[in-house]
Amino acid sequence: MTVTIRVFDPAMCCSTGVCGPGVDPELARFAADLDWLKSQGVVVERYNLSQQPAAFAETPAVKEALGRGVEVLPLVVIDNRIAVEGKYPSRETLAALAGVNVKR
């Protein structure tokens, strides 16, 4: 069974936040980790609050979490439940959530 990891990002200027002159190294690391996860066969969907607000409203767990404020973002959702809240997880955490071995 293929795992789908859905990331709900705070409002950013582009889909990954890795744009413009002042790129946050944490966002660049996370984008690379998601690319790695995709290369391992994991389905990754990513939503940006400023560009895809309907996805936030249409996902019950995300909508409920946002009732506490946008500070809960980013959210990592697996099987319609929140797995990580308020931070971008490490590659190791993403791999564990997806059931993938991290090979270094």
Heavy-atom check, side chain of Q52 versus side chain of E45, under 4.5 Å: no

hydrophobic_cluster_shared for V43 and Y47, side chain cutoff 4.5 Å: no

Could you grab the distance from atom CG of D9 to atom CG of L75, nearest 0.5 Å is fine? 9.5 Å

Tell me the ring pair (Phe, Tyr, Trp, His ring centres under 6.0 Å) pairs involving residues 57-82, sequence neighbours left out? none

Determine whether F8 and V72 satisfy the following criterion, side chain to side chain contact (heavy atoms under 4.5 Å, CB included), listing intermediate values before the conclusion. CA-CA 10 Å; F8 292 84; V72 300; over 6 Å; no

Is there side-chain contact between L73 and L66, with at least one heavy-atom pair below 4.5 Å? yes

Heavy-atom nearest pair, P89 first then D33, reads O-OD2, 4.5 Å

What pairs of donor and acceptor atoms, side-chain ones from residues 53-63 against any protein atom, are under 3.5 angstrom apart with sequence neighbours left out?
unit_1, atom_1, unit_2, atom_2, d
T59, OG1, R6, NH2, 3.3
T59, OG1, A55, O, 2.7

Check: V84 and L97 side chains under 4.5 Å, non-hydrogen atoms: yes

Keeping the roles fixed (side chain from R29, backbone from Y88), state whether a donor-acceptor pair exists under 3.5 Å. yes

So which heavy atom on A11 is nearest to which on L49, and how close? N-CB, 3.7 Å

Rounded at 0.5 Å granularity, tell me how far CG in L37 sits from CZ in R91. 8.5 Å

Check whether any side-chain heavy atom of L94 sits under 4.5 Å from a side-chain heavy atom of V102, and report yes or no. no

Might you confirm whether atom CD of E64 has over 12 heavy atoms from other residues, nucleotides or ligands at distances under 6.0 Å? no

Work out which heavy atom in P10 is nearest to a heavy atom in N48; give both atom names and the distance. O-OD1, 3.5 Å

